[in-house]
Amino acid sequence: MTWYEYFNEIVKTKELIRKYIHETPLDYSNTLSRATNADVYLKMENLQKTGSFKVRGAFSRLIRLSEEERKRGVIAVSAGNHAQGVAYAAKALGIKATIVMPETAPISKYLATKSYGANVILYGKFLHEGMKKAEEIIRETRAILVHPYGDLNVILGQGTLGLELLDLKPNVVIVPIGGGGLISGISLVIKSKLPNVKIIGVQSSASPSLKVSKDLGRLVEIEPSFSIADGILVKSPSELTYKIINELVDDIVLVDDDEIANAIMFLLERNKTVAEGAGAATVAALLSGKVSYHGKKIVPIISGGNIDLSLLARIIDKMLYKTKRIVKVKVLVPDKPGYLNKVLSRIAQIRGNVIDVIHDRISSDVKPGYTKIYVMFEIPSGDALSDFLYALALDGIEATLVE
């Protein structure tokens, strides 16, 4: 069977799982379209049940189990989204599920997985370590492994997302890549019906295993480093996904955490949607210019929205600071009453909002009788910051912007 003949199997899979999943919307983004000089439609798979596309593949695999296999239960290894997908599907189908998650998994994904009734085991830092633990459990329990990407039935399930893109007839589809299950399934659909459509994969620069494999023409393993895109940190792609990607995917680009954080903030502020790091990677590729198709109809897949809220808060703070909507200013003033009030009054004049004030009287660069003050505050504009610094200079107060 050629890759193109798998299309009918994906259509059958859609019918099998239809009642268990959402057909997620395609949302035209005016802002992103203007920013990229293209027509950009966001595929909002972050609005899927369990918050990611993974539930498609989970149902596709579990619904095909025999009665004997269902009695043995299933086991999965995941940083979070596959875990939730398998746990949710298992609960819906009345199957016992065990999930092995890395110790570094976001607490929100851990708690969500437990809430679906699965037995959750935290083990190791990366997926390949968890896989070894799962193999031990399988030897003891004979549970059925539900692989996150190296399983044809899982790939067929992920491919059902591709069916939802066909009516739009896009020119370019951008897909995040971890182990490659999602992009494999989408490619099998798109290339069978719209062979001229470009399929572009996006990986984190912290985990470029499939990018390097495609460039070298052979499958390689690369140890991931830390990334906020935890859902696409994969050391060992599968032979199956590599084979499909090598033949059907047109290109793979890499994005770093700064670019991903910028995309998360952009989607939150301008498109009013929450995306996790892996889900925002496709928009990061567009905003950074690493994927550019002027005048074309482009679909970035927002593959998931299960971001840890504490991480999201840190990203928002970082991006506000990076874009100078929150600033920190260092001032050196005599250690006498009234000087801090002068500084705060100048902030009030530009409609700034003070977040934090820190005094430092003891550092070696502070002269006796003086104090160094760090003031962090929100500002309405860059011009307001210039006005503030100029006003302090007129007051005879030395002020420096802390980058």
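Because only heavy atoms are used, hydrogens play no part in the values below, and waters and symmetry mates are left out as well, while side chains stay in.
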Enquirer: Just so I know, are the side chains of Tyr242 and Leu210 near enough to count as touching, which here means a heavy-atom distance under 4.5 Å?
Expert: yes
Enquirer: May I ask you to establish whether Lys342 and Tyr339 are in a cation-pi arrangement, using a distance under 6.0 Å from NZ or CZ to the six-membered ring centre and at most 45° from the ring axis?
Expert: yes
Enquirer: How far apart are the closest heavy atoms of Thr24 and Leu47, and which atoms are they?
Expert: CG2-C, 4.1 Å
Enquirer: Can a side-chain donor-acceptor contact be found between Ser238 and Thr241 if the only test is distance below 3.5 angstrom?
Expert: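 Per modelled atom types, Thr241 and Ser238 side chains form a pair under 3.5 Å.
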Enquirer: Is there a donor-acceptor pair under 3.5 Å between the side chain of Ser363 and the backbone N or O of Asp365?
Expert: no
Enquirer: Give a yes or no on whether a salt bridge exists between Glu9 and Lys12, defined as a side-chain N under 4.0 angstrom from a carboxylate O.
Expert: yes
Enquirer: Below 4.0 angstrom, N of the basic side chain to O of the carboxylate: do Arg325 and Glu269 qualify?
Expert: yes
Enquirer: Over all heavy atoms of both residues, which pair between Leu344 and Val354 is shortest? Give the atoms and the distance, please.
Expert: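 Minimum heavy-atom separation between Leu344 and Val354: CD2-CG2, 3.9 Å.
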Enquirer: Charged N to carboxylate O under 4.0 angstrom, Arg18 versus Glu15?
Expert: yes
Enquirer: Is Asp250 paired with Lys191 through a side-chain N to carboxylate O contact shorter than 4.0 Å?
Expert: yes
Enquirer: Are a donor atom and an acceptor atom from the side chains of Asp308 and Ser310 found within less than 3.5 Å of each other?
Expert: yes
Enquirer: Please say whether the positively charged group of Lys193, taken as NZ for Lys or CZ for Arg, lies over the ring of Phe7, i.e. under 6.0 angstrom from the six-membered ring centre and within 45 degrees of the axis.
Expert: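 The answer is yes, since Lys193 meets both limits relative to Phe7.
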Enquirer: Less than 4.0 Å between a side-chain N and a carboxylate O, is that true for Lys235 and Glu129?
Expert: no
Enquirer: Hey, can you tell me if Tyr20 and Phe59 have their rings parallel, tilted or perpendicular (30° and 60° cut-offs)?
Expert: parallel
Enquirer: Around atom CZ of Arg270, are there more than 12 heavy atoms from other residues, nucleotides or ligands closer than 6.0 Å?
Expert: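 Not buried by this count: 12 neighbours or fewer within 6.0 Å.
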Enquirer: Using 4.0 Å as the upper bound for N to carboxylate O, is an ion pair formed by Glu45 and Arg56?
Expert: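 Judged by the 4.0 Å cut-off on N to carboxylate O distance, Arg56 and Glu45 do form a salt bridge.
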Enquirer: Is Glu378 salt-bridged to Arg351, going by a charged N under 4.0 Å from an acidic O?
Expert: no
